[in-house]
Amino acid sequence: MAQIVIKNLKKQFGDFTAVRESSFTIEDGEFFMLLGPSGCGKTTTLRMIAGLELPTSGEIYLDGEEISQKRPRERDIAFVFQMFALYPHMNVRKNISYPLVSQGMPRAKIREKVAEVARILGIEDILDRPVGGLSGGDRQRVALGRAIVREPKAFMMDEPLGALDAEFREQMAEELRALHDRMGATTVYVTHDQLEAMQMGDKIVVMNNAVVEQFGPPQEIYDKPATVFVADFIGSPPMNFLPFSGRLAAGADRVALNGASFAVPVLREGAQGDLLFGVRPEHIRLVDDGGYRAEVLATEYLGTTQIVTLRSHNGDLKARISSDQPVRTGETVGLSFNARTISLFEAATGRALRSELNEGVLGDG
Ligand code: ATP
């Protein structure tokens with residue numbers, strides 16, 4: 001069992017804050033994604049969990065025991081470095097055995113464990129081959145074998161598929177996820193790729209500028225973004241934001257945009273001033289008679305769907321609709337939105353307004 005609790009974790013390098021007061025919980029057996037743009041503090045967070053970096057303040061608990069200041073080897077957490085980092089002069093068996101040999105485990109026991117790992121990874125037939133001549137996929141499996149053979153409580157992986165081309169990356173992502181499902185070991189995985197995070201993760205932490213913006217299951221993050229940053233970072237094309245000014249009372253369930261009135265999830269809090277109306281491209285319908293009009297600027301054919309770029313009174317937006325629907329550049333169309341999926345944000349803070357949509361998702365702040 002390996003539950004990891006992160007409490008007010010902070011890391012400073014001199015005056016620079018790389019991670020600011022992060023708090024989240026990784027449950028036992030979860031495949032947990034740390035997602036965010038380059039430089040947001042993902043790797044630093046992962047390295048603190050593994051013990052490769054000590055926190056400036058805050059705590060890390062592994063199964064209830066505080067490990068924040070312990071050395072890496074005292075934590076029973078495996079950090080899977082760039083997966084191709086193998087010992088080139090050793091064969092596959094020796095590469096996988098290596099961590100057990102350094103622990104001083106008896107040889108018979110090592111043989112047994114290596115055989116088991118090779119079976120799990122489907123590489124029994126290459127155990128005696130030198131790693132030099134192996135395909136990229138097999139090298140990756142050997143590197144994984146070396147990490148899992150010592151049966152750590154948890155695995156830390158930093159962009160393990162980053163260097164691979166798209167097709168191979170997808171295949172390895174599936175294998176990694178399947179391996180995790182067979183072993184059930186807690187895994188923390190750093191990526192800047194939102195699709196990878198959505199496809200592979202049980203839960204996602206979205207970080208930006210050293211701050212945790214939101215954490216939860218992929219669908220919750222997608223459907224109920226807590227901030228403009230999250231709504232914009234997740235989804236392709238990202239959510240549209242239409243700026244408007246107004247006064248919304250708690251309990252309101254409609255918003256007026258340029259004279260047209262739209263149903264929205266019932267607001268739990270009021271707001272006034274500069275606001276943003278957030279709608280995902282796939283939640284927009286193009287209709288003949290809608291009161292809210294927009295001009296078609298461009299269309300992009302993607303097979304079963306097309307992306308339509310539109311200009312409205314409140315700004316430009318993109319809609320993803322069926323390719324079967326005929327749309328002409330230059331024509332004016334009506335827009336209809338799926339009320340249950342609309343998010344509203346304060347423009348100044350980027351924070352989502354509490355509504356029946358995101359009740360219970362957002363923090364107190
Ligand atoms: P990337 O995907 O680019 O690695 P990341 O989200 O993993 O991004 P980190 O590697 O955690 O980001 O780095 C966060 C910030 O902390 C960066 O601005 C980085 O330059 C800085 N940083 C990381 N390690 C150190 C260090 N040892 N000394 C000084 N600054 C550091």
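In this chain, residues are counted from 1 in sequence order. Start at 1 and go down the list; that is how both ligands and their atoms are numbered.
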In the protein, what heavy atom is nearest to [atom], and what distance, to one decimal place, separates them?
{"atom": "atom 23 (C) of ligand 1", "value": "Phe13 CE1, 3.5 Å"}
{"atom": "atom 11 (O) of ligand 1", "value": "Thr44 OG1, 2.5 Å"}
{"atom": "atom 4 (O) of ligand 1", "value": "Thr43 OG1, 3.6 Å"}
{"atom": "atom 3 (O) of ligand 1", "value": "Ser38 OG, 2.6 Å"}
{"atom": "atom 19 (C) of ligand 1", "value": "Phe16 CE2, 4.6 Å"}

Review point. Given Gln325 and Ser322, is the side-chain hydrogen bond (donor to acceptor under 3.5 Å, both in side chains) satisfied, shown in steps?
Key: CA-CA 6 Å; Gln325 185 171 354; Ser322 164; over 6 Å; no
Distance flag, aromatic centroids of [Y] and [X], threshold under 6.0 Å:
{"X": "Tyr189", "Y": "Phe32", "result": "no"}
{"X": "Phe277", "Y": "Phe345", "result": "no"}
{"X": "Phe79", "Y": "Phe155", "result": "no"}

Practice item. Scan the protein's non-hydrogen atoms and note whether one is under 4.0 Å from atom 15 (C) of ligand 1. Key: yes
Practice item. Determine if the distance from atom 8 (O) of ligand 1 to the closest protein heavy atom is below 4.0 Å. Key: yes
Exercise for review: Could you please spell out the steps behind the salt bridge (Lys or Arg N to Asp or Glu O under 4.0 Å) verdict for Lys203 and Glu30?
Suggested key: CA-CA 7 Å; Lys203 291 229 185 85; Glu30 267 178 356; 2.5 Å; yes
Salt bridge [X]-[Y], side-chain N to carboxylate O under 4.0 Å:
{"X": "Lys113", "Y": "Glu151", "value": "yes"}
{"X": "Arg47", "Y": "Asp158", "value": "no"}
{"X": "Glu269", "Y": "Arg351", "value": "yes"}

Check your understanding: Atoms of ligand 1 less than 4.0 Å from Cys40 heavy atoms?
Key -> 5 (P), 6 (O), 12 (O)
Check your understanding: Any idea which atoms of ligand 1 are less than 4.0 Å away from a heavy-atom of Pro37?
Key ->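 Answer for ligand 1: 6 (O).
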Point to revise | ligand 1 contact by Gly39, heavy-atom criterion under 4.0 angstrom | key: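 Gly39 counts as a contact of ligand 1 under the 4.0 Å cut-off.
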**Study point:** Sub-4.0 Å heavy-atom contact, Ala210 with ligand 1
**Key:** no
Any N/O of [X] closer than 3.5 Å to an N/O of ligand 1?
{"X": "Ala18", "value": "no"}
{"X": "Glu53", "value": "no"}
{"X": "Lys42", "value": "yes"}

**Study point:** Audit row: Lys70, Asp76, salt bridge (Lys or Arg N to Asp or Glu O under 4.0 Å) steps and yes/no
**Key:** CA-CA 11 Å; Lys70 286 196 168 180; Asp76 204 6; over 6 Å; no
